[in-house]
Amino acid sequence: MYWGQSLIHELTGKQRVSTGISPSGPIHLGNLREILTGDIIYKSILLDGKEADFIYLADDMDPLRKVYPFLPESYKEHVGKPLRDIPAPQGRGTYSDYYLNPFMNAMKSLDVKPNVIKTGELYRDGKFGKITEKVIEKKDEIRKILETISGRELEESWFPYNPKCSSCGRINSTTATGYMDGKVSYTCKCGHGGESDIYRDEGKLPWRIEWPAKWKILNVTIEPFGKDHGTVGGSYDTGKEIVEKIFDYPVPLSLIYERILLKGKGAMHSSTGINIPAEEILSFSPPEIVRYIMARVPTTRHIEFDPALGFLNIMDEFERLMKLEQEKKTTDEQHWIVALSNAGRSYDTVPDYRHLTTLVQIYDSEERIRNIMKKEGKEPDPLILSETIGMARKWVRAYAPESSKFVLKGKDDPVDLSEDEKKMICLFYNNLRSVEDWEPEKIHECARESIGASGMAPSDGFKTIYRALIGNDRGPRLGFFLSVIQKEKILARFGAICGD
RNA sequence: GGGCCCAUAGCUCAGCUAGGUAGAGCAUCUGGCUUUUAACCAGAGGGUCAGGGGUUCGAACCCCCUUGGGCCCGCCA
């Protein structure tokens with residue numbers, strides 16, 4: 001049974017899947033696993049014939065933790081302020097929106113359409129007010145839960161609500177000094193003191209309390225999260241206890257997902273620079289493949305992502321699977337994987353990516369490539385083709401191994417050939433001139449005959465031809481390769497070599 | 001110190017929440033097609049399922065232990 005299906009199979013009643021990412025930096029492929037796992041589960045529930053909805057929380061009330069490597073030193077003064085109160089590193093708007101917006105676009109192209117909720121707005125609208133009253137009322141019980149389960153001791157001055165200083169704007173430098181009628185009084189390290197209204201965005205609950213509070217006020221029933229939260233004594237453990245004992249709400253079903261590693265580099269983190277931003281991966285990978293990468297394996301397994309040849313293999317695997325699906329030969333499990341890889345557009349028009357990586361190295365013109373594919377009997381959706389051509393170009397430029405790249409030699413470029421090799425090339429050249437139909441098979445046959453007639457071993461003959469054309473011992477399948485290049489161009493090159 | 005995941009053919013992995021004769025792709029070898037950016041077709045060889053113990057008529061699968069590897073674990077998220 002498909003992993004997504006077995007997970008949700010026994011659930012009853014309407015489900016609400018919740019995910020969230022703190023928009024503190026560029027969102028990368030590793031972070032994408034959170035939201036895609038949520039989306040896969042949400043859609044699995046629907047596919048299983050049950051009711052569900054899907055929310056995404058942008059935690060823009062979270063404070064900036066530190067000056068990340070990608071930020072200017074001047075951001076030091078913003079450390080401790082909520083992300084939604086900090087200016088964007090570039091351009092206008094807020095820090096949180098600056099990183100959130102590109103991510104939203106990425107989500108859209110991945111066909112992930114949750115109900116987006118900004119945590120800051122929940123605070124602003126007083127949604128956390130009532131539950132915060134309860135938290136403060138039961139603060140001793142909560143303290144005990146946190147201390148017992150997480151095994152750490154809280155400071156004497158600990159208070160389950162962090163007021164935001166109305167003077168310096170930080171929420172990590174205040175100390176609560178009292179509570180009365182929905183207002184928390186505080187003093188701040190900046191010297192200021194005041195009151196913070198828990199029914200407004202004048203402070204926030206600490207993470208370990210905010211999380212279960214969100215479950216309760218948003219009626220969450222299932223939530224995926226990274227393994228770091230799932231560790232013993234971690235925030236899921238304490239959240240579970242708090243939500244049940246204090247908030248009287250059943251703990252949501254947990255779904256712990258493993259990390260995504262970059263092949264040969266290690267786990268993806270925004271801070272280490274080992275990562276591929278979401279926009280970047282979508283610049284060379286069709287969205288279906290990004291979904292497929294997450295959908296094909298259970299969440300408990302780590303994923304090693306190889307953007308070079310490994311990516312091409314995943315592409316092939318996916319295209320093969322698509323073909324099976326079209327022929328209705330998929331197993332139940334494969335069928336689910338196909339359904340969950342869908343990015344909201346028609347699959348049968350996704351073009352042959354590997355093929356395109358060769359074509360884009362020969363032609364700049366999209367029109368040309370389109371015509372060639374047409375001649376081969378493939379007619380992908382024009383829009384998708386054009387998009388995928390751009391992706392294949394990007395892949396060749398940025399990720400392809402050297403062995404997968406080539407440059408067609410110019411007519412008069414020098415080439416080092418022995419007498420025998422030259423003789424064979426010229427024989428091929430002469431034979432090629434009489435080839436009427438400029439088609440892969442005909443050309444290939446012509447090459448074989450010419451090599452044979454020259455007395456060279458086939459493998460040496462092909463190497464020689466590639467050397468003359470691209471200065472390399474290997475190249476794309478010869479017949480196909482020459483067929484997509486103008487005959488005159490090929491003849492001109494060989495003619496020049498033969499002194500014709 | 002604690003937790004999660006992984007260990008199955010040379011390589012990458014499936015099979016483990018149905019316990020019932022060990023699988024796929026690639027690689028290798030044979031035959032066909034007188035190579036081709038990891039070509040295609042037909043076939044073959046290849047495994048002490050990391051090791052040990054337990055449960056069972058029967059274990060890759062369930063339980064315990066050991067070994068090796070990956071990741072996570074103050075606060076904050």
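All figures in this text were calculated on a predicted structure; none of them were measured in a lab.
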Would you measure the distance from the [atom1] atom in [N] across to the matching atom in [M] and give it in whole Å?
| N | M | atom1 | value |
| --- | --- | --- | --- |
| B/A59 | B/G69 | C1' | 25 Å |
| B/U28 | B/G10 | P | 15 Å |
| B/U8 | B/C13 | P | 9 Å |
| B/A18 | B/C62 | C1' | 13 Å |
| B/C49 | B/A7 | P | 14 Å |
| B/U12 | B/G70 | P | 15 Å |
| B/C61 | B/U56 | P | 16 Å |

How is [X] classified with respect to the nucleic acid when contacts are heavy atoms under 4.0 Å: base, sugar-phosphate, or nothing?
| X | value |
| --- | --- |
| A/Phe481 | nothing |
| A/Asp59 | sugar-phosphate |
| A/Arg65 | base |
| A/Asp62 | sugar-phosphate |
| A/Arg296 | nothing |

* Does a side chain donor of either A/Tyr353 or A/Glu319 reach within less than 3.5 Å of an acceptor in the other side chain? ->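 No, because no side-chain N or O of A/Tyr353 sits under 3.5 Å from a partner of the opposite role on A/Glu319.
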
* Asked: In terms of side-chain heavy atoms, does A/Glu439 have a donor or acceptor partner in A/Ser483 at a distance below 3.5 Å?
  ->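 No, A/Ser483 and A/Glu439 have no side-chain donor paired with an acceptor closer than 3.5 Å.
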
* Map A/Glu258 and A/Ser150 onto RNA chain B by nearest heavy atom, then report which one ends up closer to the 5' terminus. =>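 Nearer the 5' end of the strand: A/Glu258.
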
* Asked: Starting at the 5' end of RNA chain B and moving along, which residue's nearest nucleotide shows up first, A/Ile256 or A/Arg259?
  ->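 Whichever sits nearer the 5' end wins; that is A/Ile256.
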
* **Under 3.5 Å on both distances, the Watson-Crick or G-U partner of B/A7** =>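 Its partner is B/U67 (Watson-Crick or G-U wobble, both distances under 3.5 Å).
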
* **Pair partner, B/G74 [Watson-Crick or wobble, under 3.5 Å]** => none

* By side-chain contact (heavy atoms from CB on, under 4.5 Å), which residues pair with A/His28, not counting sequence neighbours? ->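 Here the qualifying residues are A/Asn31, A/Met268, A/Ser270, A/Asn275.
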
* Asked: Is the distance from OP1 or OP2 of B/C33 to the nearest side-chain N or O of A/Arg448 less than 4.0 Å?
  -> no

* What is the distance from atom CE of A/Met107 to atom CG of A/Leu32, rounded to the nearest 0.5 Å? ->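 One finds 9.0 Å between CE of A/Met107 and CG of A/Leu32.
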
* **Selection from B/G70, B/C76, B/A77 that lies nearest to any side-chain heavy atom of A/Lys227** => B/G70

* **Listed nucleotide nearest any side-chain atom of A/Thr231, set B/G2, B/A77, B/C71** =>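 Nearest to the side chain of A/Thr231 among the choices is B/G2.
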
* Non-hydrogen side-chain atoms of A/Ile142 and A/Trp158 separated by less than 4.5 Å ->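 In short, these two side chains touch, coming nearer than 4.5 Å.
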
